[in-house]
**Student:** 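My questions all concern the structure below.
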Amino acid sequence: MKRLVILTGAGMSAESGISTFRDSGGLWEGHDVMEVATPEGFKKNPKLVLDFYNQRRQNLLASEPNLGHILLAELEKNYKVDIITQNVDDLHERAGSTSVLHLHGELLKARSTQKPFKSIEWRKDINLGDKCENGHQLRPDIVWFGEMVPAMELAEEKCKEADIFVVIGTSLVVYPAAGLINLTSHKIPKFIIDPNMPDITKDFFAIPYGASEGVAKLTEHLKIVK
Ligand code: OAD
């Protein structure tokens, strides 16, 4: 089976009712990224940061995968599909995708603020005073700006080995994730799905639709890719 590698961003989950970051009305319009998504912000006002992610988690638990997520999971019938996502939701997994690499962490996990940073399943709010087994405050298992992206090396390997590459719903402005598109072979077919195309579309076949309609169209295009 051909290896289909798919890089997704916030637009993938927009139709599930999860806000993107940089569209008008997006999360970074109402929240200061330096306050809520950096280690310095957490140090300064941990409650504000925990509350921000508690809201995101509650919103996620009330959301469902959209048709785009479901159609991507169905591609596993015909391809070896690897999803690399910048999203911290679990909607790809809930739709049935079996290989999902989270570059920016996961909302339904918590981790200690002190080493060892062991992740634990966590579906409730994280409050001040919630501690790990060693007695240290818990925080969301999210990769904040200025922190390492531990999954990056594996993501790079997957991109280099892709036979077909697809980008869905990301503005491609956050690094190192955005750099992954440059690691794929020049020879392979590449597709990008976004109703508001980012500027990088040179080597890509553009599908200018939202995720659900776009993935349906992608599935048709893939049938004629040799
Ligand atoms: P952005 O909010 O930057 O970009 C969202 C993209 O989705 C844009 O290109 C939109 O045009 C597109 N879009 C909007 N609606 C869509 C739909 N229905 N279907 C498909 N696409 C749609 O989000 P990301 O690129 O994912 O990181 O942002 C990258 C990172 O920046 C996030 O992981 C997050 C953020 O700060 C951290 O918090 C560490």
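Both counts, for ligands and for their atoms, begin at 1 and track the order of listing. Keep in mind that this is a model prediction, so the values were computed, not measured.
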**Student:** Does any N or O atom in Gly11 lie less than 3.5 angstrom from one in ligand 1, N or O only?
**Tutor:**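 Such a contact does occur with ligand 1.
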
**Student:** For atom CG of Asn134, decide whether the heavy atoms of other residues, nucleotides or ligands shown that lie under 6.0 angstrom number more than 12.
**Tutor:**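 Yes - once you tally the heavy atoms of other residues, nucleotides and ligands closer than 6.0 Å, there are more than 12.
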
**Student:** Looking only at protein heavy atoms, which one is nearest to atom 5 (C) of ligand 1, and what is the separation?
**Tutor:**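 Among all protein heavy atoms, the one nearest atom 5 (C) of ligand 1 is Gly169 O, 3.7 Å.
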
**Student:** Please assess Asn59 against Arg56 for the test side chain to side chain donor-acceptor pair (under 3.5 Å), listing each intermediate value before the final yes or no.
**Tutor:** CA-CA 5 Å; Asn59 180 219; Arg56 308 273 79 73; 5.4 Å; no

**Student:** Just by distance, no angles: are the side chains of Ser212 and Glu15 close enough, under 3.5 Å, to form a donor-acceptor pair?
**Tutor:**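 Distance-only check passes for Ser212 and Glu15.
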
**Student:** Would you say that His92 contacts Leu72 through its side chain, given a criterion of any heavy-atom pair below 4.5 Å between the two side chains?
**Tutor:**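 The answer is yes; the side chains approach within 4.5 Å.
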
**Student:** Has Pro195 got any heavy atom lying under 4.0 angstrom from an atom of ligand 1?
**Tutor:**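 Yes; Pro195 lies near enough to ligand 1 that a heavy-atom distance drops under 4.0 Å.
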
**Student:** Which atoms from ligand 1 have a heavy atom of Val143 less than 4.0 Å away?
**Tutor:**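 It comes down to these atoms of ligand 1: 39 (C).
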
**Student:** May I ask you to decide whether Lys118 forms a salt bridge with Glu133, counting only side-chain N to carboxylate O separations under 4.0 Å?
**Tutor:**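 Between Glu133 and Lys118 there is a salt bridge, with a charged N closer than 4.0 Å to a carboxylate O.
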
**Student:** Which pair of heavy atoms, one from Arg139 and one from Ser112, lies closest together, and at what distance?
**Tutor:**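 Answer, listing the atom of Arg139 first, then Ser112: CG-O, 4.1 Å.
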
**Student:** Please work out which of Ser171, Ser212, Ala178 has its closest non-hydrogen atom nearest to atom 4 (O) of ligand 1.
**Tutor:**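 It is Ser171 whose heavy atom sits nearest to atom 4 (O) of ligand 1.
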
**Student:** For atom 19 (N) of ligand 1, which protein heavy atom lies nearest, and how many Å away is it?
**Tutor:**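 It is Ala211 N, 2.9 Å.
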
**Student:** Ignoring hydrogens and geometry beyond distance, is a side-chain donor-acceptor pair present between Ser16 and Ser63 at under 3.5 Å?
**Tutor:**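 On atom types as modelled, these side chains do not qualify, holding no pair under 3.5 Å.
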
**Student:** Does any N/O atom on His104 come nearer than 3.5 Å to any N/O atom on ligand 1?
**Tutor:**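 Yes - when backbone and side-chain N and O of His104 are compared with those of ligand 1, one distance drops under 3.5 Å.
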
**Student:** Nearest to atom 25 (O) of ligand 1 by heavy atom, Leu103, Thr170, Thr38, Thr8: which?
**Tutor:**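 Looking at heavy atoms only, the winner is Thr170.
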
**Student:** With atoms numbered from 1 as shown, which atoms in ligand 1 lie under 4.0 angstrom from a non-hydrogen atom of Glu15?
**Tutor:**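 Those qualifying, in numeric order: 17 (C), 18 (N), 19 (N).
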
**Student:** Just which atoms of ligand 1 are under 4.0 Å from any heavy atom in Gly9?
**Tutor:**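 Here the atoms of ligand 1 in question are 26 (O).
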
**Student:** Answer yes or no for Trp28: is there a heavy-atom contact with ligand 1 below 4.0 Å?
**Tutor:**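 Judged by the 4.0 Å heavy-atom criterion, Trp28 does count as contacting ligand 1.
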
**Student:** Whether Glu220 and Lys217 form a salt bridge (side-chain N of Lys/Arg under 4.0 Å from carboxylate O of Asp/Glu) is what I want to check.
**Tutor:**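 Glu220 and Lys217: not salt-bridged.
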
**Student:** Between Ala37 and ligand 1, does any nitrogen or oxygen pair lie at a separation below 3.5 Å?
**Tutor:**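 No, there is no polar N/O contact under 3.5 Å.
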
**Student:** Do Thr184 and Lys160 have side-chain heavy atoms sitting under 4.5 Å apart?
**Tutor:**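 No - every pair of side-chain heavy atoms lies 4.5 Å or more apart.
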
**Student:** Around atom 23 (O) of ligand 1, find the nearest protein heavy atom and jot down its residue, atom name and distance.
**Tutor:**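 It is Ala10 CB, 3.5 Å.
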
**Student:** Within a distance under 4.0 Å of any heavy atom of Asp23, pick out the atoms of ligand 1 and give their elements.
**Tutor:**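 Ligand 1 atoms under the 4.0 Å threshold to Asp23: 10 (C), 11 (O), 14 (C).
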
**Student:** Give me the nearest non-hydrogen protein atom to atom 9 (O) of ligand 1 as residue plus atom name, then the distance to 0.1 Å.
**Tutor:**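 Of the protein heavy atoms, Asp194 OD2, 2.7 Å lies nearest.
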
**Student:** For a quick check under 3.5 Å, do Gln86 and Thr8 share a side-chain donor-acceptor pair by atom type?
**Tutor:**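 The answer is no; no qualifying pair exists.
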
**Student:** Hey, which atoms in ligand 1 end up nearer than 4.0 Å to a heavy atom of Gln86?
**Tutor:**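 Ligand 1 atoms under the 4.0 Å threshold to Gln86: 29 (C), 33 (O).
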
**Student:** Do Glu40 and Lys43 pass the salt bridge (Lys or Arg N to Asp or Glu O under 4.0 Å) test, and can you show the C-alpha distance, the side-chain angles, and the key distance before you say yes or no?
**Tutor:** CA-CA 5 Å; Glu40 295 75 21; Lys43 214 168 185 179; over 6 Å; no

**Student:** Before signing off on this row, confirm whether Phe21 and ligand 1 have an N or O atom pair separated by under 3.5 Å.
**Tutor:**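 Yes - when backbone and side-chain N and O of Phe21 are compared with those of ligand 1, one distance drops under 3.5 Å.
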
**Student:** Look at atom 28 (O) of ligand 1 and say which protein heavy atom is nearest, naming residue and atom and giving the distance to 0.1 Å.
**Tutor:**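 Looking only at protein heavy atoms, the one closest to atom 28 (O) of ligand 1 is Arg22 NH1, 3.1 Å.
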
**Student:** Would you check the N or O atoms of Phe145, main chain and side chain alike, for any that come under 3.5 Å of an N or O of ligand 1?
**Tutor:**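 Not met; the criterion fails.
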
**Student:** What atoms of ligand 1 come within less than 4.0 Å of a heavy atom belonging to Val174?
**Tutor:**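 Checking each atom against Val174, I get 29 (C), 30 (C), 31 (O).
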
**Student:** Specify whether Phe52 and Trp28 have parallel, tilted or perpendicular ring planes, treating 30° as the upper limit for parallel and 60° as the lower limit for perpendicular.
**Tutor:**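 Judged by the thresholds at 30° and 60°, the geometry between Phe52 and Trp28 is parallel.
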
